Amino acid sequence: MKKRLFGFFLAVLMLGSSITSFAVESAPYASSYLDAYAIGITPKENHVMSVTFVVYGTNIMDRIGAQKILIEEWDGVDWVETGTYSAEKNSNFLTKKASEYTSSITFYGLPGVPYRATLTAYAERNGGSDTGTVTSDPATCK
């Protein structure tokens, strides 16, 4: 587990930003499918926000990755949903026959506005499946 988390942190650092918000979640209950999952959000230049996720299965899974990613922005009072990305419309969200999977998406934000992302992790094997959610710490768009 520590080796996997180190790999995720290294991947985030390789994205080239010194300001990255991320969240890591081990499965909160015994799962035959999900070992751990994490999501991070990083502000880039020109109002671009990068969201990177990693999902670890307990074994080689039939399918593993993100079922969906919810993006929210802070309006000064509350978090407001600004978009949802799903596996149905993003071919890079799921992979087959793997024990772990990492991918990312980008979106345009408003400068000075904090954003956060919620990952719904997914793993499937032998006709069974499980999901888990984790929300990143906020990051402010440049």
Side-chain angles (χ1 to χ4, degrees), residues 1-110 113-142:
M1 172 80 159
K2 288 182 182 178
K3 190 174 185 180
R4 290 180 178 174
L5 290 176
F6 176 75
F8 174 72
F9 295 132
L10 186 60
V12 170
L13 288 174
M14 291 173 60
L15 291 173
S17 175
S18 61
I19 302 173
T20 301
S21 297
F22 61 90
V24 177
E25 180 72 35
S26 293
Y29 51 87
S31 173
S32 299
Y33 308 97
L34 290 169
D35 185 26
Y37 36 91
I39 189 163
I41 188 165
T42 306
K44 300 294 186 180
E45 298 297 321
N46 300 319
H47 321 303
V48 174
M49 300 294 287
S50 176
V51 178
T52 301
F53 68 87
V54 62
V55 180
Y56 296 103
T58 56
N59 205 327
I60 294 177
M61 310 308 290
D62 295 334
R63 292 195 316 158
I64 188 169
Q67 190 174 63
K68 72 177 179 178
I69 295 176
L70 169 71
I71 306 297
E72 297 173 296
E73 70 180 31
W74 182 251
D75 70 0
V77 177
D78 202 0
W79 289 102
V80 178
E81 180 180 338
T82 60
T84 300
Y85 299 83
S86 66
E88 291 81 25
K89 294 185 179 181
N90 294 276
S91 61
N92 65 323
F93 272 28
L94 294 169
T95 194
K96 296 178 181 180
K97 303 297 181 195
S99 61
E100 61 187 69
Y101 186 61
T102 301
S103 190
S104 62
I105 60 167
T106 59
F107 66 92
Y108 287 98
L110 298 171
V113 175
Y115 289 86
R116 70 181 186 181
T118 299
L119 166 70
T120 301
Y122 178 80
E124 173 186 316
R125 186 180 73 222
N126 298 331
S129 65
D130 197 7
T131 60
T133 61
V134 62
T135 300
S136 72
D137 291 331
T140 302
C141 184
K142 296 182 191 178

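A quick note: this is a predicted structure, and the numbers were derived from the prediction, not measured. By convention here, the first residue in the shown sequence is residue 1. What's counted below: heavy atoms across the whole structure, side chains too, no hydrogens, waters or symmetry copies.
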Undergrad: Is there a donor-acceptor pair under 3.5 Å between the side chain of Tyr115 and the backbone N or O of Leu110?
TA: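 Here the side-chain-to-backbone pair exists.
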Undergrad: Mind listing the closest non-hydrogen atom pair of Ser136 and Gly40 along with its distance?
TA: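 For Ser136 versus Gly40, the nearest heavy atoms are CB-CA, 4.5 Å.
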Undergrad: With rounding to the nearest 0.5 Å, note down the distance linking OG in Ser86 to CD1 in Ile69.
TA: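 Separation between the atoms: 10.0 Å.
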Undergrad: If you define the side chain from C-beta out and look only at heavy atoms, does anything of Val55 sit under 4.5 Å from Tyr122?
TA: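 Answer no - side chains too far apart.
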Undergrad: Could you tell me which residues satisfy side-chain hydrogen bond (donor to acceptor under 3.5 Å, both in side chains) with Thr120, sequence neighbours excluded, listed by chain and number?
TA: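 With sequence neighbours excluded, Thr120 shows a side-chain hydrogen bond (donor to acceptor under 3.5 Å, both in side chains) to no residue whatsoever.
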Undergrad: So how far is it from Thr133 OG1 to Gln67 CD, rounded to the nearest 0.5 Å?
TA: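 If I round to the nearest 0.5 Å, the distance is 10.5 Å.
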Undergrad: When you look at Tyr37 and Val54, which way does the side chain to side chain contact (heavy atoms under 4.5 Å, CB included) test go after all the steps?
TA: CA-CA 6 Å; Tyr37 36 91; Val54 62; over 6 Å; no
Undergrad: With sequence neighbours excluded, give me every salt bridge (charged side-chain N to carboxylate O under 4.0 Å, His left out) pair touching residues 89-98.
TA: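 Sorted pair list: Asp62-Lys97.
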Undergrad: Looking only at non-hydrogen atoms, find the nearest pair between Asp130 and Ser31 and report the distance.
TA: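 For Asp130 versus Ser31, the nearest heavy atoms are OD2-OG, 2.8 Å.
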Undergrad: Is there a donor-acceptor pair closer than 3.5 Å between any side-chain N or O of Thr58 and the backbone N or O of Ser32?
TA: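 Between the backbone of Ser32 and the side chain of Thr58 there is a qualifying donor-acceptor contact (under 3.5 Å).
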Undergrad: Which salt bridge (charged side-chain N to carboxylate O under 4.0 Å, His left out) pairs, counting each pair once, include a residue from residues 47-58, with sequence neighbours left out?
TA: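 Sorted result for residues 47-58: empty, none.
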Undergrad: How would you list all residue pairs meeting salt bridge (charged side-chain N to carboxylate O under 4.0 Å, His left out) that involve residues 63-87, not counting sequence neighbours?
TA: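 Salt bridge (charged side-chain N to carboxylate O under 4.0 Å, His left out) check on residues 63-87 returns Arg63-Glu124, Glu72-Arg116.
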Undergrad: With a 4.5 Å heavy-atom cut-off, do Tyr56 and Ser99 have their side chains touching?
TA: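 A side-chain contact under 4.5 Å is absent here.
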Undergrad: List in chain and number order the residues that pass side-chain hydrogen bond (donor to acceptor under 3.5 Å, both in side chains) with Thr118, two or more places apart in sequence or in another chain; answer none if no residue qualifies.
TA: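 For Thr118 the side-chain hydrogen bond (donor to acceptor under 3.5 Å, both in side chains) partners, ignoring immediate neighbours, are Thr135.
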Undergrad: Walk me through whether Glu45 and Lys142 qualify under side chain to side chain contact (heavy atoms under 4.5 Å, CB included).
TA: CA-CA 6 Å; Glu45 298 297 321; Lys142 296 182 191 178; 3.8 Å; yes
Undergrad: Working to the nearest 0.5 Å, report the span between CD1 of Ile41 and CD1 of Ile71.
TA: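 So the gap between those two atoms works out to 5.5 Å.
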Undergrad: Within the side chain of Thr95, is there an N or O that forms a donor-acceptor pair under 3.5 Å with the backbone of Tyr101?
TA: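 No, because the side chain of Thr95 does not come within donor-acceptor range (under 3.5 Å) of the backbone of Tyr101.
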Undergrad: Can any side-chain N or O of His47 pair as donor or acceptor with the backbone N or O of Cys141 at less than 3.5 Å?
TA: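 Pair absent, no side-chain N/O of His47 close to backbone of Cys141.
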Undergrad: Looking at Leu119 and Ala38, what are the two nearest heavy atoms and their distance?
TA: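 Looking at all heavy atoms of both residues, the shortest contact is CD2-O, 3.6 Å.
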Undergrad: What are the two closest non-hydrogen atoms of Trp79 and Pro114, and how far apart are they?
TA: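 Nearest pair, atom of Trp79 first, then Pro114: CZ3-O, 3.6 Å.
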Undergrad: Specify the closest pair of heavy atoms between Gly57 and Ile64, including all atoms of both residues, with the distance to one decimal.
TA: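 That would be N-CD1, 3.2 Å.
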Undergrad: Among residues at least two apart in sequence or on other chains, which ones pass ring pair (Phe, Tyr, Trp, His ring centres under 6.0 Å) with Phe93?
TA: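 Expected list: Phe53.
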Undergrad: Would you say the side chain of Thr102 lies within less than 4.5 Å of the side chain of Thr52, judging by non-hydrogen atoms?
TA: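 Yes. Closest side-chain heavy atoms under 4.5 Å.
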Undergrad: Roughly how far, to the nearest 0.5 Å, is the CD1 atom of Ile105 from the CG atom of Asn92?
TA: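 So the CG of Asn92 and the CD1 of Ile105 are separated by 8.0 Å.
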Undergrad: Search all heavy atoms of Ala87 against all heavy atoms of Leu94 and return the closest pair with its distance.
TA: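 In this case the closest contact between Ala87 and Leu94 is CB-CD1, 3.8 Å.
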Undergrad: So Met49 and Tyr108, do their side chains get closer than 4.5 Å, heavy atoms only?
TA: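 Result no, sub-4.5 Å side-chain heavy-atom pair not found.
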